[in-house]
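All of these numbers come straight from a predicted model, not from anything done at the bench. Atoms considered below: every heavy atom in the structure, side chains included; atoms not considered: hydrogens, waters and symmetry mates.
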Amino acid sequence: MEGQLFLNKTGFEMFDALRAFGLAYLVKNPDDITDIRIQDLGHLYLVSTEGKLPSNVNPQLFVDNDGWGQVFQTVRERKDAKKKFPRKDVEEILSTEYQEILKTHSDPGFHPVIGNVVKDGRAIYQSIDVSAAKGFREEKKGVTYHEGSQLYTDKHSWAIACIGSVFFNYHRVGSDFILNLVPNPTDVWLIQHRQIRDDLSKENICNISANVALAHYSVKMASVIARRKAARSSKYDSIIFNVMRRTGQQPKPGGGGKFGLSLMEQFLQDPAGFDALEKIDIIMSNGYAKGIKQELTFSFAEFIIHPSLRTFIRCEDLYIRARISKNVMLWDKKPLEVLLKNVQDV
């Protein structure tokens with residue numbers, strides 16, 4: 001490896017993962033076929049580089065795409081604003097202070113500064129980490145309305161997190177929610193992850209609820225990894241998710257966390273596991289149809305999130321009803337055995 005860059009964690013899980021992906025993408029040399037490796041070492045993310053690092057920022061990072069609008073969706077652009085719009089701010093920071101960013105992250109002792117007041121800092125938006133949103137961390141009492149205080153971080157950590165969000169955050173909008181998803185990189189190569197990310201961006205993830213979208217995304221992701229044999233060397237232990245609730249004006253924080261992928265790993269270890277995933281994918285893709293098909297989608301989402309005997313029985317009961325009315329096809333024996341094997345009696 002040519003060099004190593006260090007990203008100590010802050011406890012804001014999505015912010016930290018986006019920083020790791022953002023920094024890796026920032027230092028990927030577009031003229032070099034060598035790859036970048038990202039590893040989760042517990043207390044920090046390690047970005048290992050092969051080949052020569054680019055001497056300047058790749059201008060293609062700042063070309064228009066939907067990701068820019070998503071990361072700054074809670075920011076209102078004003079013509080009379082005294083500060084630069086955040087997108088221009090990101091471009092200026094990365095373009096003019098690129099070498100300083102590399103130097104800072106070459107130091108394993110560097111920790112991002114986060115607080116209510118940070119010198120020359122930038123606000124951490126909900127789209128980057130919902131845990132940093134105003135009103136989400138603090139108890140508010142009394143008769144006076146108060147949204148809570150905003151959290152800020154140093155401009156370098158903020159800028160690379162924004163790049164991570166633009167290019168690696170999976171964004172899904174439902175009738176009353178906005179969901180952001182980022183697979184946690186246990187040990188991945190950037191090119192392979194980009195391929196997985198691009199494949200997933202073409203998939204139709206059912207968005208009838210945030211839980212359904214999260215469960216369906218995990219199924220789709222496991223299927224994509226299974227189809228791309230080279231991608232099987234990529235290791236993810238969880239999906240980091242943030243939920244924002246849609247309101248009349250700006251979205252409000254709705255929660256978040258980490259969804260473990262151990263069940264998906266168990267499916268992929270079985271020869272018939274891919275067929276089981278494909279069957280569940282078909283069921284969940286039909287979730288927009290109200291009635292028994294939508295009930296099945298909700299039940300299988302619950303099973304994926306909590307694979308207990310209770311949730312399995314619920315899936316089984318609904319599936320029998322759907323089969324009687326000829327709304328679904330019978331399960332093949334082997335995929336059904338995979339499903340049964342992973343039922344947890346809790």
_Using modelled atom types and a 3.5 Å cut-off, is there a donor and acceptor pairing between side-chain atoms of N286 and backbone atoms of I282?_
yes
*State whether the side chain of N65 and the backbone N or O of G67 hold a donor-acceptor pair below 3.5 Å, judged by distance alone.*
yes
*Applying side-chain contact (heavy atoms from CB on, under 4.5 Å), name anything that partners T153, two or more places apart in sequence or on another chain.*
F15, P112, I114, I124, S157, W158
Taking only distance into account, with no hydrogens and no angle test, what donor-acceptor pairs under 3.5 Å do side-chain atoms of residues 198-208 form with protein atoms, sequence neighbours excluded?
residue	atom	partner	partner atom	Å
D199	OD2	R228	NE	2.6
S201	OG	D198	O	2.6
E203	OE1	K220	NZ	2.8
E203	OE2	R227	NH2	3.4
N204	OD1	R172	NH2	3.2
N207	OD1	Y288	OH	3.1
N207	ND2	V173	O	2.5

*So, for F6 and F110, is the gap between ring centers shorter than 6.0 Å?*
no
*Please indicate whether K258 has more than 12 foreign heavy atoms, meaning atoms of other residues, nucleotides or ligands, lying under 6.0 Å from its NZ.*
yes
*asked:* For a quick test of reading the model, state the closest non-hydrogen atom pair linking G257 to E13 and the distance between them.
replied: C-OE1, 4.2 Å
*Quick one: does N184's side chain have a donor or acceptor within less than 3.5 Å of a partner on S238's backbone?*
no
*Under the side-chain contact (heavy atoms from CB on, under 4.5 Å) rule, collect the residues that match up with K155, sequence neighbours excluded.*
I93, E97, D120, R122
_The criterion is side chain to side chain donor-acceptor pair (under 3.5 Å); which residues satisfy it with N242, sequence neighbours excluded?_
none
_Flag side-chain contact, heavy atom, 4.5 Å: E50 against W189_ = yes
_To check you understand the geometry: which heavy-atom pair defines the closest contact between S106 and L5, and what is its length?_
OG-CD2, 3.6 Å
*Which pair of non-hydrogen atoms, one from V47 and one from A20, has the smallest distance, and what is that distance?*
CG2-O, 4.0 Å
*asked:* Check the orientation of Y217 and Y170. Use parallel for under 30°, tilted for 30 to 60°, and perpendicular for over 60°.
replied: tilted
*Say you draw a straight line from NE2 of H306 to CD of Q344; how long is it, rounded to the nearest 0.5 Å?*
11.0 Å
_Determine whether a donor-acceptor pair (N or O, by modelled atom type, separation under 3.5 Å) exists between the side chain of S127 and the backbone of V71._
yes
*Kindly give the heavy-atom pair with the smallest separation between R194 and Y25, and that separation in Å.*
NH2-OH, 3.6 Å
*For Q126 and P251, indicate whether the former's side chain and the latter's backbone hold a donor-acceptor pair under 3.5 Å.*
yes
*asked:* Just to verify, what does A276 make a side-chain contact (heavy atoms from CB on, under 4.5 Å) with, not counting sequence neighbours?
replied: F267, W331, P335, V338
*Specify the closest pair of heavy atoms between P183 and Y236, including all atoms of both residues, with the distance to one decimal.*
CB-CD2, 3.5 Å
_Residues which pass side chain to side chain donor-acceptor pair (under 3.5 Å) with Q39, listed by chain and number, not counting sequence neighbours_ = none
*Please confirm whether the backbone N or O of V212 pairs with a side-chain atom of H216, one donor and one acceptor, at under 3.5 Å?*
no
*For the residue pair N8 and H43, confirm or rule out a side-chain donor-acceptor distance under 3.5 Å.*
no
*Taking every non-hydrogen atom, the tightest pair across I304 and P307*: O-CD, 4.0 Å
*Go through the steps to decide whether D16 and R19 satisfy the test salt bridge (charged side-chain N to carboxylate O under 4.0 Å, His left out), and finish with yes or no.*
CA-CA 5 Å; D16 292 335; R19 286 167 52 225; 2.9 Å; yes
